[in-house]
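Quick notes on the structure that follows.
Remember, it's 1-based here, ligands and their atoms both numbered in the order they're listed. Along the sequence shown, residues are numbered consecutively beginning with 1.
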Amino acid sequence: MNGALVSTEYQAELSEIASAASLADLEAIRVAKLGKAGTITALLKTLGGMTPEQRQAEGPKIHALREAVTVAIADRKAALDEVALDARLATEKLDMSLPVSPGAPGSVHPVAQVMDELAEIFADLGFAVATGPEIEDDWHNFTALNIPETHPARAMHDTFYFPDKEDGKKMLLRTHTSPVQIRTMMNQEPPIRIIAPGRTYRSDSDATHTPMFHQVEGLVIDRGIHMGHLKWTLETFVKAFFERDDIVLRLRPSFFPFTEPSAEVDVGFTWEKGRRVIGGDPTGPNGGWMEILGSGMVHPKVIANCGLDPDEWQGFAFGCGIDRLAMLKYGMDDLRPFFDGDLRWLKHYGFAALDVPTLSGGVGA
Ligand code: DAH
């Protein structure tokens, strides 16, 4: 028996299904026909009382009826579902302009914030960001930087050493970011302009020192570079970073094995409401000088150690504590909580991830 025959034979049944007005009506029809006490279910039950001949004649008709009704109900349900969906789409609205629920967004650590600010400021001056490994060998950390084996500066760095390697290589946690100078000069052709922010390590701990801390290294290698370039670059950086124009720097002669001449750089500050604020007149009654970084002209021996000709290439370098920059700009007076992971501290001093409140159009903004 085929479907076309069934549909003419049971036209009334099927048109009732096809015209069901709602999902609820359709369900009522389904229960009335196919449910436990349904009419078709009852018909199926009569098969049990028939003679084999009757069953052979009636059975296929009744099964075909049940099949046709089942299919018709499924078709109608699909159609009604679609109508219901269209109705929902027509009436429901999604307001894309509503604010996102705030959740728990976390915050940007002041050290990460300052690193971003440094990258932004120096990018405006044409500097790229370079990186190097925190586990260094003593050649990159000391020897190539003109700090020979017996040099007292090695002792001064309170270095964390690893057990000696079989090949005799001494591995250590880098004590400063200066080895990135070496790696950059060995891997790149001059002219070079980079900053290298990152973690550094020394066995030291008090209110202003933690065994892990952060530095940013600066390096410029080019032809004809002199101290004037260094001074201008540092002044431009410090003014952009502290967001004040009335900042003066003082270059004090100093010594670092990897620079000659070397200068420590002091920044002028003034006392404002019991706080030291960078800027103002350092020679006035409320003023003073504070050391913020070490710098100098890259020592010719360091340039030669990296395979470059110091008669052709000169440069300047500087190294600065990032944590201290953060403390000076954002007013923390103890370094240790920077790395305690206390949520209250992070909430107080952290920065919103998507809405940086300070700086920075960078230099010249
Ligand atoms: N590496 C030095 C330190 O950790 C800082 C420093 C001084 C870096 C002078 C330099 C520099 O690049 O020229 O104390």
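- Classification of the Phe237-Phe318 ring pair by plane angle, with boundaries at 30° and 60°, yields parallel.
- With ligand atoms numbered from 1 in the order given, ligand 1 contributes 1 (N), 8 (C) to contacts under 4.0 Å with heavy atoms of Ser178.
- Using cut-offs of 30° and 60° for the angle between ring planes, the His109 and Trp345 rings count as tilted.
- With a heavy-atom cut-off of 4.0 Å, Arg174 does not touch ligand 1 at all.
- Closest to atom 12 (O) of ligand 1, if we only count protein heavy atoms, is Glu217 OE2, 2.6 Å.
- In the vicinity of Phe256, heavy-atom distances shorter than 4.0 Å reach the ligand 1 atoms 7 (C), 9 (C).
- Per-residue contacts place Gln181 under 4.0 angstrom from the following atoms of ligand 1 (heavy atoms of the residue considered): 12 (O).
- Tracing side-chain contacts under 4.5 Å through hydrophobic residues (I, L, V, M, F, W, Y), one reaches Phe339 starting from Met115; they form part of the same cluster.
- Counting heavy atoms closer than 4.0 Å to ligand 1, residue Phe318 contributes backbone atoms (N, CA, C, O) but none from C-beta onward.
- The aromatic rings of Phe258 and Phe256 lie parallel to each other, their planes meeting at an angle below 30°, with 60° marking the opposite boundary.
- In terms of modelled atom types and a separation under 3.5 Å, the side chain of Glu264 and the main chain of Ser254 share no donor-acceptor contact.
- The Arg202 neighbourhood of ligand 1 comprises atoms 3 (C), 4 (O), 14 (O), with distances under 4.0 Å to a heavy atom of that residue.
- For atom 5 (C) of ligand 1, the nearest protein heavy atom (residue, atom name, distance) is Gly319 CA, 4.1 Å.
- Between Phe258 and ligand 1 there is a heavy-atom distance shorter than 4.0 Å.
- There is a path of hydrophobic side-chain contacts, each under 4.5 Å, that joins Val108 to Met332.
- Between the side chain of Thr200 and the backbone N or O of Thr175 there is no donor-acceptor pair closer than 3.5 Å.
- Taking hydrophobic clusters as Ile, Leu, Val, Met, Phe, Trp and Tyr residues chained together by side-chain heavy-atom distances below 4.5 Å, Leu145 does not share a cluster with Phe255.
- Within the set Ala196, Ala317, Gly294, the minimum heavy-atom distance to atom 9 (C) of ligand 1 is found for Gly294.
- At least one N/O-N/O distance between Gln215 and ligand 1 falls below 3.5 Å.
- Here is the list of ligand 1 atoms found below 4.0 Å of a heavy atom in Gly296: 13 (O).
- Rounded to the nearest 0.5 Å, atoms CD1 (Ile135) and CZ (Phe160) are 13.0 Å apart.
- Near Thr259, meaning under 4.0 Å from any of its heavy atoms, are these atoms of ligand 1: 13 (O).
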